[in-house]
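These notes concern the structure reproduced below.
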Amino acid sequence: MSVHVDRDRCRGFTLVELLVVIGIIAALIAMLMPALRTARRAAMSVNCGSNLRQCYLGFQLYAHDNGGAIPIYRSNGGAIQMWTYFLMLGYSSTDQPTGKYYVKNKASLCPESPNYATLLGWSDTDLNLGVRSYGVFCSDDGSSVQDLRGFTRRRTLGTNWDFYYQRPTSLRPPASQVIMLADSLRDPNDTVHVVSQCGSFRDQIEGPRNAGRIHTVHGTGEGRANVAFYDGHVESMTGPDLRNRTASRIKKIYNRAQVRVDLP
């Protein structure tokens with residue numbers, strides 16, 4: 001008795017067919033990758049906006065506990081500790097440890113920052129947190145906007161340190177037009193400091209080296225920056241938006257390639 005085997009039904013894929021299938025899968029992946037990268041960056045931008053809102057709320061809670069003062073930094077003429085020293089490490093406006101923490105370290109930095117990868121290695125006593133955090137607006141008598149001059153105040157702490165702070169209640173321009181916090185970066189042309197985040201920014205044409213500029217880190221091309229205003233709302237803004245639509249009139253921004261952009 002003979003058994004007939006249908007060889008056609010048992011035949012597997014040929015090498016050519018496998019290569020065709022692999023090629024189709026590779027083409028589909030190549031088509032999807034840009035969309036996935038765009039979606040990932042969009043998600044990080046949304047996360048950044050959420051971080052800024054948390055930081056804004058932290059500032060409000062701190063001001064409630066410290067006579068309405070919003071901390072900018074403390075300095076002894078050399079060393080500087082930025083706003084994170086007060087909100088994340090729990091120091092009062094009189095430079096006393098309080099045990100109160102208003103912002104967690106994960107909320108103080110943009111997810112697209114080059115420093116974000118080292119976030120989990122931060123220490124609760126790390127005094128360098130400020131150079132890795134969002135920038136807070138630091139106005140002074142050199143402000144390019146008359147109504148913002150003198151908005152940042154100074155108090156001598158009596159320990160060779162000066163405390164620089166702001167009182168939002170004394171803000172003369174509408175709070176909805178003045179940026180409080182933003183994606184920030186040091187000057188990439190600075191030959192002294194490494195390019196990094198900076199915990200403050202100014203609206204002067206040329207600020208001191210310890211002041212950063214708005215960094216349009218999100219999106220492509222010129223990019224966009226997430227910013228939180230003194231009334232609490234958060235926006236994603238381009239360089240021209242920052243220059244033309246805000247009371248602080250940021251004159252210099254940095255694009256994603258970290259090249260200085262001078263705005264008219």
Side-chain angles (χ1 to χ4, degrees), residues 49 51-75 80 82-87 92-94 102-103 108 130 133-157 162-185 198-208 210-216 224-253 262-264:
N51 286 351
L52 284 168
R53 290 184 184 91
Q54 291 181 58
C55 289
Y56 172 83
L57 292 175
F59 272 100
Q60 302 311 304
L61 292 172
Y62 185 95
H64 180 269
D65 292 340
N66 290 272
I70 293 238
I72 306 301
Y73 64 93
R74 72 166 191 162
S75 172
I80 292 178
M82 301 306 304
W83 62 273
T84 49
Y85 172 81
F86 302 94
L87 270 66
S92 70
S93 60
T94 57
Y102 300 89
V103 177
S108 70
S133 65
Y134 289 112
V136 64
F137 178 46
C138 183
S139 176
D140 59 15
D141 289 340
S143 172
S144 61
V145 182
Q146 181 67 40
D147 283 348
L148 292 171
R149 294 182 182 178
F151 180 44
T152 297
R153 305 179 183 186
R154 182 179 67 177
R155 176 193 302 156
T156 300
L157 297 175
D162 290 326
F163 173 58
Y164 292 82
Y165 65 100
Q166 296 168 350
R167 290 188 184 279
T169 53
S170 68
L171 187 64
R172 282 182 282 179
S176 61
Q177 296 180 14
V178 182
I179 298 172
M180 178 186 190
L181 290 164
D183 289 311
S184 181
L185 193 71
C198 189
S200 68
F201 66 90
R202 296 175 187 261
D203 62 340
Q204 297 167 263
I205 293 178
E206 293 291 348
N210 63 3
R213 296 291 176 188
I214 301 296
H215 184 202
T216 51
R224 307 177 73 90
N226 285 326
V227 297
F229 289 80
Y230 272 91
D231 69 342
H233 85 278
V234 175
E235 287 191 41
S236 174
M237 306 183 78
T238 64
D241 286 339
L242 292 166
R243 177 63 184 88
N244 299 322
R245 290 180 46 214
T246 68
S248 48
R249 296 288 190 270
I250 307 302
K251 293 184 180 298
K252 281 187 181 178
I253 61 164
D262 293 317
L263 298 175

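In terms of heavy-atom proximity, S133 sits nearest to G199 at OG-CA, 3.7 Å. Closest of all the heavy-atom pairs between N226 and S236 is OD1-CB, 3.4 Å. The shortest heavy-atom contact between L52 and A182 is CD2-N, 4.3 Å. Of all heavy-atom pairs spanning G239 and I253, the tightest one is CA-CD1, 3.2 Å. Of all the heavy atoms in D231 and S176, the pair that sits closest is OD2-CB, 3.2 Å. For I179 against S248, the heavy-atom pair with the smallest separation is N-OG, 4.0 Å.
Distance check, rounded to the nearest 0.5 Å: OH of Y85 to CD1 of I72 gives 15.5 Å. Between atom OG of residue S200 and atom CD1 of residue I80 there is a gap of 7.5 Å, rounded to the nearest 0.5 Å. One distance of note links CG of D183 with CZ of F201; it measures 10.0 Å at 0.5 Å rounding. For the atom pair OG1 (T156) and CZ (F163), the distance works out to 12.0 Å, reported to the nearest 0.5 Å.
Between P71 and Y62, some side-chain heavy-atom pair lies under the 4.5 Å cut-off. Looking at heavy atoms from C-beta onward, V234 lies out of side-chain contact with Y56 at the 4.5 angstrom threshold. Contact check for M82 versus Y73: side-chain heavy atoms found under the 4.5 Å cut-off. Side-chain contact between R153 and S170 is present, with heavy atoms from C-beta onward closer than 4.5 Å. Y165 places none of its side-chain heavy atoms less than 4.5 Å from the side chain of N66. At least one side-chain heavy atom of T152 sits under 4.5 Å from a side-chain heavy atom of Q166. Taking 4.5 Å as the limit, some side-chain heavy atom of N51 sits within range of a side-chain heavy atom of Q54. At a threshold of 4.5 Å between non-hydrogen side-chain atoms, the residues R74 and F86 count as touching.
Take T169 and apply the side chain to side chain contact (heavy atoms under 4.5 Å, CB included) test, not counting sequence neighbours, and it matches R167. Remark: T238 pairs with D241 by the side-chain hydrogen bond (donor to acceptor under 3.5 Å, both in side chains) rule, at least two apart or across chains.
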message: Between Q60 and I70, does the side-chain contact (heavy atoms from CB on, under 4.5 Å) criterion hold? Intermediate values first, please.
response: CA-CA 8 Å; Q60 302 311 304; I70 293 238; 4.1 Å; yes

task: Decide side-chain contact (heavy atoms from CB on, under 4.5 Å) for D162 and S75; before the verdict, give the C-alpha distance in whole Å, the side-chain angles of both, and the deciding distance to 0.1 Å.
output: CA-CA 5 Å; D162 290 326; S75 172; 5.5 Å; no

- prompt: Going through the distances and angles, do F229 and V178 end up as a side-chain contact (heavy atoms from CB on, under 4.5 Å)?
  reply: CA-CA 6 Å; F229 289 80; V178 182; 5.5 Å; no

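A donor-acceptor pair is defined here as one N or O able to donate and one able to accept, closer than 3.5 Å; no such pair exists between the side chain of R245 and the backbone of M237.
In this structure, W83 has its ring center under 6.0 Å from that of F59.
Aromatic ring pairs are classed by plane angle as parallel below 30°, tilted from 30° to 60° and perpendicular above 60°; the pair F137 and F151 is tilted.
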